[in-house]
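Encoded as structure tokens, the structure appears first; notes follow it.
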Amino acid sequence: MILARSFFEQKTLKVAQDLLGCFLIRQIGQKKISGRIVETEAYCGSKDLANHASKGRTNRTEAMFGPPGHAYVYLIYGMHYCFNIVTEKSGYPAAVLIRGVELDDRQTIIGPGKVCRALKIDKSLHGVDLVKSQKIWVEDNNQRLKDWKIVKLPRVSIDYAGEYKYKRWRFRINPNQ
DNA sequence: TATACGATCACCT
DNA sequence: GGTGATCGTATAC
């Protein structure tokens, strides 16, 4: 079942955890690549100093201020793309970064740059509506088990974020499940 | 117009 | 553990 707008409109920390175990589907022509989401990170509002949007609304961060369910894709270190899903209401900048997926062949990809390479995500997907797009979307699954253990970890590479550096807003499915 | 650096990865020692 | 690649963005001048 394709996730609806209302799913992404919930609290970012909830969406980030609920996305674990869901499938990120990428359709390229006749080819379909699906990845089970195993690691996410939450970026919550302008108060969160780790959030790109904490310094105000700019061209780059505009997508995060938009309606939920849209993609926010950006280039980092001049070579890697990172894929985020915008959450919460319009005007409130928040998003979930997809950090890890497991492919159909059970290969696990950890790292936002590697995820984008595996799913062939680039800036052409920036701003697309995941609820309506034919190129990329997220599906829930019936296999979700309630006793999945979600590991909470500090976020990565955000030493500049002051007290927000210590927030455990990175979520990962227990690799032992 | 110029400069510094980042929500990273791969490869080296 | 350390470093180089490589460029869009924000900020400074």
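Chain A is the first sequence line, chain B the second, and so forth, proteins listed ahead of strands; every chain is numbered from 1. No hydrogens, no waters, no symmetry mates; every other heavy atom, side chains included, goes into these values.
In this structure, A:Cys116 SG and A:Asp122 CG are separated by 9.0 Å, a value rounded to the nearest 0.5 Å. Note that the CD atom of A:Glu139 and the CG atom of A:Leu24 stand 10.0 Å from one another [nearest 0.5 Å].
Atom C1' of nucleotide B:dC5 and atom CG of A:Asp159 are separated by 13 Å, given to the nearest angstrom. Rounding to whole angstrom units, CD1 of residue A:Ile76 and P of B:dC9 are separated by 10 Å. A straight line from CE of A:Met79 to P of B:dA7 spans 16 Å, rounded to a whole angstrom. Protein atom CD1 of A:Ile109 is 16 Å distant from nucleotide atom P of B:dT8, rounded to whole Å. Atom NZ in A:Lys55 sits roughly 11 Å away from atom P in B:dC5 (whole-Å rounding). Look at CG on A:Leu49: it is 12 Å from P on B:dA7, rounded to the nearest Å. The interatomic distance linking A:Arg155 (CZ) with B:dG6 (P) rounds to 16 Å, in whole Å.
Taking only side-chain nitrogens and oxygens, A:Arg170 never comes nearer than 4.0 Å to OP1 or OP2 of B:dA7. Neither OP1 nor OP2 of B:dA7 sits under 4.0 Å from any side-chain N or O of A:Ser157. The shortest distance between the side-chain N/O atoms of A:His52 and the OP1/OP2 oxygens of B:dA7 is below 4.0 Å.
Of the residues listed (A:Asp18, A:Leu19, A:Thr12), the one engaging A:Val15 in a side chain to side chain contact (heavy atoms under 4.5 Å, CB included) is A:Leu19, and it is the only one.
A:Tyr43 carries A:Arg155 over the face of its six-membered ring, with the cationic atom under 6.0 Å from the centre and within 45° of the normal.
Nucleotides C:dT3 and B:dC5 are separated by 15 Å at their C1' atoms, to the nearest Å.
If you find the closest nucleotide of DNA chain C to A:Tyr77 and to A:Lys123, the one lying nearer the 5' end belongs to A:Tyr77. Residue A:Val96 is the one, among A:Arg117 and A:Val96, whose nearest nucleotide of DNA chain B lies closer to the 5' end (criterion: closest heavy atom).
A:Glu9 and A:Lys89 are not joined by a salt bridge, as no carboxylate oxygen comes within less than 4.0 angstrom of a charged side-chain nitrogen.
Heavy atoms of A:Leu97 sit under 4.0 angstrom from at least one base atom. Among the protein residues, A:Asn84 comes within range of the nucleic acid bases, having at least one heavy atom under 4.0 Å from a base atom.
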Name each donor-acceptor pair under 3.5 Å that joins a side chain in residues 63-81 of chain A to protein atoms two or more places apart or in another chain, with its distance.
residue	atom	partner	partner atom	Å
A:His70	ND1	A:Gly127	O	3.2
A:Tyr72	OH	A:His52	ND1	2.9

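Taking a heavy-atom distance under 4.0 Å as the criterion, the stretch of DNA chain C touched by chain A extends 5' to 3' from C:dA5 to C:dT11.
B:dA7 is unpaired under the criterion used here, namely a Watson-Crick or G-U wobble arrangement in which both key atom distances are under 3.5 Å.
Other residues, nucleotides and ligands contribute at most 12 non-hydrogen atoms within 6.0 Å of the OH atom of A:Tyr166.
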